[in-house]
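Contents: one structure, followed by commentary.
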Amino acid sequence: MSAVALQNDVFLRALLREPVPYTPVWLMRQAGRYLPEYNATRSRAGSFLGLAQNPEYATEVTLQPLARFPLDAAILFSDILTVPHAMGLGLDFRAGEGPYFERPVRTEADVQALAVPDLDRLRYVFDAVSLIRRELGGRVPLIGFAGSPWTIACYMVEGKGSDDYRLIKGMAYGRPDLMHRILRVNAQATIEYLNAQIAAGAQAVMVFDSWGGVLADGLFQEYSLAYTRQVVAGLTRERDGRPVPAIVFTKGGGMWLEQIAACGADAVGVDWTVNLAQARRRVADAVALQGNLDPMSLFGGAAVVRAQARRVIDDFGQVGQGGHVFNLGHGISQFTPPDAVAELVDEVHTYSRAFHGALP
């Protein structure tokens, strides 16, 4: 991927805690079902996997929110479960139920059979990254991503989403040897997967530890954080002469914020249960923070959306030696009115410009 000068690098600068003229904003799941154009493209693709595994379709939906809103970053359209799918677990999506695996990892034999997948089985992801970078033409940076080893393991063992995580927690307590074997394989696969995205053109990467918060204290450090730290340590951190920042997000991980901030990432995402001012004090500006608007606030009407955007910016405060990327505390709801997103992005940019003052 040849280097193309970025027209807007505010997102990357914020992650690196450099001076910015305003608070950059992007949204988790910003290319998704709340946009009618996304639904039209998905319909043409025939299925979610048909969409995600086709680089042209993946590029189209990645760029759709940028055509509507002046967001400061694009994020690759894909799914965190592409890696275990490439391991042969048989990913599919049931209408109204979400993802499931035809061959979940339940027995000792299942665990011993696991291996880091051939990256050629994920070539469609890397082709999409390269195509998106070309189509972006340097407008904004492109974020690559993966699930954390623990979060991926949850789906691999449970076979689908879970309310109680009984199967994987049972394995964690009863057969820690098997649990660690799964996580070691996942960590190595995730390192290789993210580094291949970076080689293809991703300019920042994010690790989604979506289910780290379901673990008990002690188990979180052993089964989630330790392997997230391994992933971060194995990442390519410079490409084309500039840093490739890494973001780690643990939903429900507020109580472990200091420990997460010490994992080696440049930025830590926080959900809406965390007070951003307190979070900043707790990490002492050692990392940038990303977040943390409650996605449900987008249903409160324009005045509420704008007021809540200002509250988040006020909570973080003047940038100083810190960095703040505005985001939601988790993914955007499929029922969100697109007009609410327009209000949000406008308020973040307008208010933060006045709040931070005109910096270079």
Side-chain angles (χ1 to χ4, degrees), residues 6 8-28 71-76 129 140-149 187 190-191 193-199 201-210 212 224-251 253-254 256-271 274 276 279-292 312 316-329 352 356 359:
L6 268 173
N8 175 356
D9 67 350
V10 176
F11 165 71
L12 296 178
R13 287 161 62 186
L15 291 179
L16 298 171
R17 293 176 290 122
E18 296 175 355
V20 292
Y22 62 86
T23 301
V25 56
W26 70 278
L27 306 178
M28 288 184 276
L71 296 154
D72 295 290
I75 183 166
L76 164 71
V129 170
V140 294
L142 174 62
I143 306 166
F145 72 92
S148 72
T190 303
I191 291 168
Y193 181 55
L194 286 174
N195 283 342
Q197 290 184 42
I198 293 166
Q203 291 148 295
V205 291
M206 181 161 170
V207 178
F208 284 88
D209 186 29
S210 303
S224 178
L225 185 58
Y227 289 94
T228 295
R229 188 183 298 114
Q230 281 188 27
V231 169
V232 173
L235 292 177
T236 300
R237 302 298 282 272
E238 185 175 323
R239 177 79 176 169
D240 295 330
R242 72 176 300 159
V244 179
I247 310 164
V248 168
F249 171 64
T250 298
K251 185 173 183 289
W256 304 300
L257 178 60
E258 294 88 344
Q259 296 171 62
I260 298 168
C263 78
D266 298 283
V268 175
V270 291
D271 66 28
V274 174
L276 206 56
R280 186 177 182 185
R281 287 194 294 271
R282 288 168 62 188
V283 302
D285 282 343
V287 293
L289 294 175
Q290 179 173 278
N292 64 336
V312 170
F316 185 85
Q318 292 286 342
V319 172
Q321 298 302 307
H324 180 213
V325 172
F326 195 105
N327 209 313
L328 304 177
S352 67
H356 296 318
L359 293 173

Scanning both residues in full, the closest heavy-atom pair of T190 with G147 reads CG2-O, 3.8 Å
To the closest 0.5 Å, what do you measure between NZ (K251) and OG (S148)? 13.5 Å
Can you find a heavy atom in the side chain of M28 that is under 4.5 Å from one in the side chain of F145? no
Output for pair (F326 CZ, L276 CG), nearest 0.5 Å, gives 9.0 Å
One pair to check against side-chain contact (heavy atoms from CB on, under 4.5 Å): V270 and L257. What are the steps and the verdict? CA-CA 8 Å; V270 291; L257 178 60; 3.9 Å; yes
Approximate separation, where rounding is to 0.5 Å, of S352 OG and Q318 CD: 10.5 Å
Check G329 against F249 and note the closest heavy-atom contact, atom names and distance. O-CZ, 3.1 Å
Heavy-atom distance under 4.5 Å between the side chains of V319 and P19, does that happen here? no
P149 and A187 have their tightest heavy-atom pair at CG-CA, 3.7 Å
Please check if the side chain of N8 supplies one atom and the backbone of V10 the other of a donor-acceptor pair under 3.5 Å. yes
Got V248 and V231 here, is their nearest side-chain heavy-atom distance under 4.5 Å? no
A side-chain contact here means heavy atoms from C-beta on lying under 4.5 Å apart; do L235 and N195 qualify? yes
If you measure from CD1 on I260 to CZ on R282, what distance do you get to the nearest 0.5 Å? 9.0 Å
Find out whether Q197 and L76 are in side-chain contact, i.e. whether some heavy atom of one side chain is under 4.5 Å from a heavy atom of the other. yes
Can you name the closest pair of heavy atoms from L27 and L328 and give their distance? CD2-CG, 3.8 Å
Just verifying a value: how many Å separate M206 CE and I143 CD1, rounded to the nearest 0.5 Å? 8.0 Å
Measure across L12 and A204 and return the closest heavy-atom pair with its distance rounded to 0.1 Å. CD2-CB, 4.0 Å
More than 12 heavy atoms of other residues, nucleotides or ligands under 6.0 Å from CD of Q321: yes or no? no
Side-chain touch P21/R13, heavy atoms, less than 4.5 angstrom: yes
Quiz question: by atom type and distance under 3.5 Å, do the side chains of T228 and D209 form a donor-acceptor pair? no
Steps toward salt bridge (Lys or Arg N to Asp or Glu O under 4.0 Å) verdict (R237, D266): CA-CA 10 Å; R237 302 298 282 272; D266 298 283; 2.8 Å; yes
About how many Å separate CH2 of W26 and CG of D72, when rounded to the nearest 0.5 Å? 12.0 Å
Using a strict threshold of under 4.0 Å (side-chain N to carboxylate O), is an ion pair present between R280 and D285? yes
Does a donor on one side chain and an acceptor on the other come within less than 3.5 Å for N327 and N292? no
Do you know the tightest heavy-atom contact between A202 and V244? O-CG1, 4.3 Å
Kindly assign one of parallel, tilted or perpendicular to the pair H324 and F316, based on the angle between their ring planes and the thresholds 30° and 60°. parallel
Short side-chain to backbone donor-acceptor contact, Q203 and L142, under 3.5 Å: yes
Exam field: side chain R239 to backbone G201, donor-acceptor pair closer than 3.5 Å: no
Going by heavy atoms in the side chains, are V268 and I247 under 4.5 Å from each other? no
